[in-house]
Novice: 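Dropping the structure in here first, questions after.
The basis for the numbers below is simple: all heavy atoms, side chains too, and nothing from hydrogens, waters or symmetry mates. Chain letters run A, B, ... following the sequence lines, proteins first and then strands; every chain starts at 1.
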Amino acid sequence: MEGSEGNSDAVSPHPWQSYNTVYTTAKAGMEGVDKEKVQRVVYEMSKGSKYFQNEERKEAFIKQKIDNMRLQFSKLSHSDLSHYQKVAERRILELEASRDLSRIWLHVDMDAFYAAVETLSNPMLKGKPMAVGSMSMLSTANYEARKFGVRSAMPGFIARKLCPELILVPTDFKKYTHYSDLTRKVFQRYDPNFIAGSLDEAYLDITEVCRERNVKSEEIAQELRDSVHEETGLTCSAGVASNRLLAKVCSDINKPNGQYVLPNDRLAIMTFISSLPIRKIGGIGKVTEHILKEVFGINTCEQMLDKGSYLCALFSQSTADFFYSVGLGLGKTDSPQASFRKSISNERTFSATEDEVLLQKKLDKCLVILNHKKDEPCKLMFAVELAEMLSTDMQKEGLHGRTLTLKLKTASFEVRNRAVTLQNYINSSEDILKHASKLLKAELPVSVRLIGLRVSQFNGDKSGATPDRTQKTITNFITSGEANRKKDSFSDVTDHDFISDIETDPSIDVGHTSQLDSRDPFDGNHSLDVNHQSCTLWKNDGAEKVQTSGNDAASSHHSACTEMLGSTSFQGQFEGENVNDGSNLLEEDRLNSCQETTMLWLNDYKCSLCGIELPPSFVEERLEHSDFHFAEKLQKEESSIRQTSIPIQSQDQKHRINRQSKSKKQKLSQREGRYTPIDYFFVKE
DNA sequence: GCGGATCAC
DNA sequence: TATGGTGATCCGC
């Protein structure tokens, strides 16, 4: 399958057309963009990269999924179809009966928020194409830049190709938080229980305001937007509708600096929904859109109802319900009290470009900490750092969890998760590290570009023990909005189970509105964002105290961590390293490494390759250091071979990856690969 | 309970 | 040179 893709690449005169990126989907500010050109540039810049290859792999997987569904689809008999037709009709009627037109929801969305804030603080940027982020990743772009096809989540180096004049501004999260706070003070005046979706958007139930002041929702929206502009200097867009799903769609319609009101009228809603592309709906992303289009020919929300019988035939009930509710324009209308986090995590991608000197400094620090930390192997450095950061974060919120998940992203962008559920609840860095190490060691050797740790199943989280709370009738399901499958869908879970945790945590006020999503996803310095990681109360001004108190500590901790993290050479260690766990399996590697060592150390303490000095007593450390050079050497050789490698080899790699991720047995066979000499390093991912 | 995938921001 | 981080949910085992 991958081979045929390669062929079509060579044959097709426009190969970029088949490279499906998310960058050309219709979004605000993308009108009039030469999509063909954007597609071509993105393709040209990506072609051949590890990232690109992984995208192709995923694409092939989705195609297979689509083929499978088509097959299932074609197998449906007439009697099947008539049966499903009845089921669908009944379901749709039930959902229709749950329609609630009594509330008025407003969705506010700041226009190009980060970019707009940066322009406020530096007026020189005004009118020029600009984006916030780095050469690796953009968080947002202003409207001048969007004209060139520059988009959020696009790597900066591709954006520069599309728009050579593009100005890149690094993220400054403190600034965005400050302005976000200002906007929220305005929101609060209209709905004290507003839902902060992220730093730059919020949902407000303006039913009461409209009623009390006897004003139209349209005027409220205009007034709110004017207030936001007056108090921040920033523009925003708003959408008003009978539920949150529709309000969100509406806020996008007249963006930027505009608004759209959809009346609380069934006919108006059905008309509005009828021609709406499904991709506009929150929860329907690239893949779902693709599947629905390719398998059922569904492009608009209305068609969700037309093809209702197929949907309930091939999807689960909850998924089909979601699709139907989209077709009917139904959404959440309730005001959730609070939502509690269900997991906490920490992950880091290692930069591939690392200065040699910097690298050495890191290694030195590694050794210091290594010594301090007793016997922790050097290559678990990343895990050490992550565990410490995670533990710190957990302690800030008084969280204890019993499930630990290790996330790895290999050099070929394949993502793997490995989890354990423990008897006891943990939150110390030592405990986290102990179990993370086990999980990690079981995966070695592997070349990784990212490591992540996540803890879930918190002490006091009884959601699994009270399934009756989440088991609802179909009517409840829709009216409470769970059919939307969106993040606060469990907001109706009562909070009595969490009280013990909350009360012991000084940083959390009872009755708070949580903002789990407020962390800046793109900010390299995101650790600064302590306040948004914990639950913040917007009903109280006390939240601000929490913010400032956490920042400094996190900041200094972070800077120490970033210096530690991220180097190609360390990645190499994950491949060629020798874990000091006494395992016989590893002994051979260790011997090899010792031979290297004797060649390496001058007068028993000075490295002949880089000059670092490690006292004779630092036996383990010197061994690790040797491994480092050894891995480095291997990697250099590997990359030089890869540069001249032929496509067949990468095919081979893919097969190995696929096999290996299939079962645990395969993982064992991979481990046996340790006995294979050098060329082993060239074929694994 | 685990792991892969999808989605949002 | 170079394609992120955090959290949630669903599905199939």
Side-chain angles (χ1 to χ4, degrees), chain A residues 21-23 42 45-46 49-55 58 61-62 65 109-110 113-114 133-140 152-161 171 196-201 248 279 281-291 315-319 322 339-354 390 393 402-403 405-407 409 413-422 439 449-450 452-454 456-457 464 470 482 484-491 514-527 529 532-533 568 661-664:
Chain A
T21 66
V22 293
Y23 306 125
V42 172
M45 298 297 287
S46 302
S49 68
K50 286 278 168 56
Y51 175 81
F52 181 86
Q53 289 170 15
N54 189 250
E55 289 300 300
K58 289 197 297 189
F61 190 78
I62 294 169
K65 199 169 163 185
D109 199 327
M110 303 301 295
F113 185 53
Y114 297 175
S134 69
M135 284 299 255
S136 298
M137 188 58 56
L138 301 182
S139 86
T140 191
S152 66
M154 180 183 272
F157 71 93
I158 293 181
R160 269 274 169 77
K161 196 79 176 180
T171 50
S198 64
L199 275 191
D200 75 328
E201 61 180 84
K248 166 103 174 141
R279 188 66 160 83
I281 302 293
I284 297 184
K286 186 183 118 177
V287 175
T288 310
E289 178 193 33
H290 199 198
I291 290 174
F315 291 98
S316 71
Q317 178 174 318
S318 67
T319 304
F322 170 64
S339 81
F340 293 86
R341 70 155 78 243
K342 294 172 178 60
S343 71
I344 185 165
S345 68
N346 210 321
E347 67 187 60
R348 202 69 27 185
T349 294
F350 316 132
S351 160
T353 57
E354 281 295 335
L390 188 56
D393 290 349
R402 57 189 281 260
T403 298
T405 306
L406 170 77
K407 175 179 172 180
K409 195 189 278 178
F413 285 85
E414 181 202 2
V415 176
R416 293 184 206 166
N417 287 295
R418 298 292 178 258
V420 276
T421 298
L422 312 164
L439 293 171
R449 75 191 318 280
L450 171 147
L453 293 176
R454 178 167 73 250
S456 51
Q457 296 248 54
T470 53
E482 284 183 21
N484 285 345
R485 306 193 312 175
K486 297 306 293 296
K487 50 193 132 198
D488 33 0
S489 59
F490 285 94
S491 51
S514 101
Q515 318 166 223
L516 301 183
D517 259 1
S518 315
R519 255 196 177 188
D520 176 23
F522 298 94
D523 185 6
N525 297 319
H526 78 282
S527 295
D529 185 26
H532 290 282
Q533 194 172 16
T568 312
S661 56
K662 267 179 190 156
S663 72
K664 301 205 172 180

Novice: To the nearest 0.5 Å, what is the distance between OG (A/Ser49) and CD (A/Glu55)?
Specialist: 8.5 Å

Novice: Dot-bracket for DNA chain C: what is it, with Watson-Crick or G-U pairs under 3.5 Å, [ ] where a pair crosses earlier ones, and | for a pair to another strand?
Specialist: ....|||||||||

Novice: Under 4.0 Å between a side-chain N/O of A/Thr403 and OP1 or OP2 of B/dG1, yes or no?
Specialist: no

Novice: If you check the A/Arg348 side chain, which of C/dT6, C/dT3, C/dG4 turns out closest?
Specialist: C/dT6

Novice: Closer than 4.0 Å, any side-chain N/O of A/Thr319 to the OP1 or OP2 of C/dC11?
Specialist: yes

Novice: May I ask you to verify if any side-chain N or O of A/Ser152 is less than 4.0 angstrom from the OP1 or OP2 atom of B/dC9?
Specialist: no

Novice: Please determine whether a side-chain nitrogen or oxygen atom of A/Lys409 lies at a distance below 4.0 Å from atom OP1 or OP2 of C/dT3.
Specialist: no

Novice: Which is more 5' along DNA chain B, the nucleotide nearest A/Thr421 or the one nearest A/Val287? Just name the residue.
Specialist: A/Thr421

Novice: Choosing from C/dT3, B/dG3, C/dG5, which nucleotide comes nearest the side chain of A/Ala419?
Specialist: B/dG3

Novice: Just verifying a value: how many Å separate A/Leu138 CG and A/Arg160 CZ, rounded to the nearest 0.5 Å?
Specialist: 9.5 Å

Novice: In whole Å, I'd like the distance from the CD1 atom of A/Ile62 to the P atom of B/dT6.
Specialist: 5 Å

Novice: In whole angstroms, how far is the C1' atom of C/dA8 from the CZ atom of A/Phe340?
Specialist: 16 Å

Novice: Run the side-chain contact (heavy atoms from CB on, under 4.5 Å) test against A/Lys409 and tell me which residues pass, sequence neighbours left out.
Specialist: A/Phe413, A/Val415, A/Arg449, A/Leu450

Novice: Picking from B/dA5, C/dT6, C/dT3, which would you name as closest to the side chain of A/Ser345?
Specialist: C/dT6

Novice: Nearest 0.5 angstrom please: A/Arg341 CZ to A/Ser456 OG, how far?
Specialist: 11.5 Å

Novice: Would you mind telling me which of B/dC7, C/dG5, C/dG4 lies closest to the side-chain atoms of A/Glu347?
Specialist: C/dG5

Novice: In terms of side-chain heavy atoms of A/Tyr51, which of C/dT3, C/dG4, B/dC2 is nearest?
Specialist: C/dT3

Novice: Identify which nucleotide among C/dG4, C/dA2, C/dA8 has an atom closest to any side-chain atom of A/Met137, counting heavy atoms from C-beta outward.
Specialist: C/dG4

Novice: Taking only residues two or more places apart in sequence or in another chain, which ones pass side-chain contact (heavy atoms from CB on, under 4.5 Å) with A/Thr405?
Specialist: A/Thr403, A/Asn417, A/Ala419, A/Arg454

Novice: Looking only at side-chain atoms of A/Arg449, point me to the closest of B/dG4, C/dG4, C/dC11.
Specialist: C/dG4

Novice: What is the distance, to the nearest angstrom, from the CD1 atom on A/Ile344 to the C1' atom on C/dA8?
Specialist: 14 Å

Novice: In whole angstrom, give the distance that lies between atom CG of A/Asn417 and atom P of C/dC10.
Specialist: 18 Å

Novice: Checking contacts here: which listed nucleotide (C/dT6, B/dC9, C/dC11) is nearest the side-chain heavy atoms of A/Asp200?
Specialist: B/dC9

Novice: Please report the distance, rounded to the nearest Å, between CG in A/Asn346 and P in C/dG5.
Specialist: 10 Å

Novice: Of all the heavy-atom pairs spanning A/Asn54 and A/Glu414, show the shortest one and how long it is.
Specialist: ND2-N, 4.0 Å

Novice: Between C/dG7 and A/Ser198, is there an OP1 or OP2 to side-chain N/O distance shorter than 4.0 Å?
Specialist: no

Novice: Round to the nearest Å and state the distance from A/Gln317 atom CD to C/dC10 atom C1'.
Specialist: 14 Å

Novice: Taking the nucleotide of DNA chain C with the nearest heavy atom to each, does A/Ser316 or A/Leu450 sit closer to the 5' end?
Specialist: A/Leu450

Novice: Quick one: label A/Glu201 by what it contacts on the DNA or RNA (base, sugar-phosphate, nothing), any heavy atom closer than 4.0 Å.
Specialist: sugar-phosphate

Novice: Heavy atoms from C-beta onward define the side chain here; which of C/dA8, B/dG1, C/dA2 lies closest to that of A/Gln457?
Specialist: B/dG1

Novice: Among all residues two or more places apart in sequence or in another chain, which pass the side chain to side chain donor-acceptor pair (under 3.5 Å) test with A/Lys407?
Specialist: A/Glu347

Novice: Of the listed nucleotides (B/dG1, B/dT6, B/dG3), which one gets closest to any side-chain atom of A/Arg418?
Specialist: B/dG3

Novice: Tell me: CG of A/Leu406 to P of B/dG1, nearest whole Å?
Specialist: 19 Å

Novice: Among residues at least two apart in sequence or on other chains, which ones pass side-chain contact (heavy atoms from CB on, under 4.5 Å) with A/Asp109?
Specialist: A/His107, A/Asp200, A/Glu201, A/Lys248, A/Ser251, A/Lys255

Novice: Between atom CG in A/Leu138 and atom C1' in C/dG5, what is the gap in whole Å?
Specialist: 15 Å

Novice: Kindly write out the residues that satisfy side-chain contact (heavy atoms from CB on, under 4.5 Å) with A/Phe315, not counting sequence neighbours, or none if the list is empty.
Specialist: A/Met69, A/Ile291, A/Leu292, A/Phe296, A/Leu311, A/Thr319, A/Phe323

Novice: Under 4.0 Å, heavy atoms only, any strand: does A/Lys161 hit a base, just the sugar-phosphate, or nothing?
Specialist: nothing

Novice: Given that A/Ser343 and A/Phe413 both sit by DNA chain C, which one's nearest nucleotide is further toward the 5' end?
Specialist: A/Phe413

Novice: Is there a side-chain polar atom (N or O) of A/Arg402 under 4.0 Å from OP1 or OP2 of B/dG1?
Specialist: yes

Novice: When the C1' atoms of C/dG4 and B/dC7 are compared, how many Å lie between them, rounded to an integer?
Specialist: 15 Å

Novice: I'd like to know if the side chain of A/Arg402 reaches the main chain of A/Gln457, judged simply by a donor and an acceptor atom lying under 3.5 Å from each other, with no hydrogens or angles considered.
Specialist: no

Novice: Using only side-chain N and O atoms of A/Ser46, determine if any of them is under 4.0 Å from OP1 or OP2 of C/dT3.
Specialist: no

Novice: For A/Arg160, answer base if it contacts any base atom (sugar-phosphate contacts may also be present), sugar-phosphate if it contacts only those atoms, and nothing otherwise; contact means non-hydrogen atoms under 4.0 Å.
Specialist: nothing

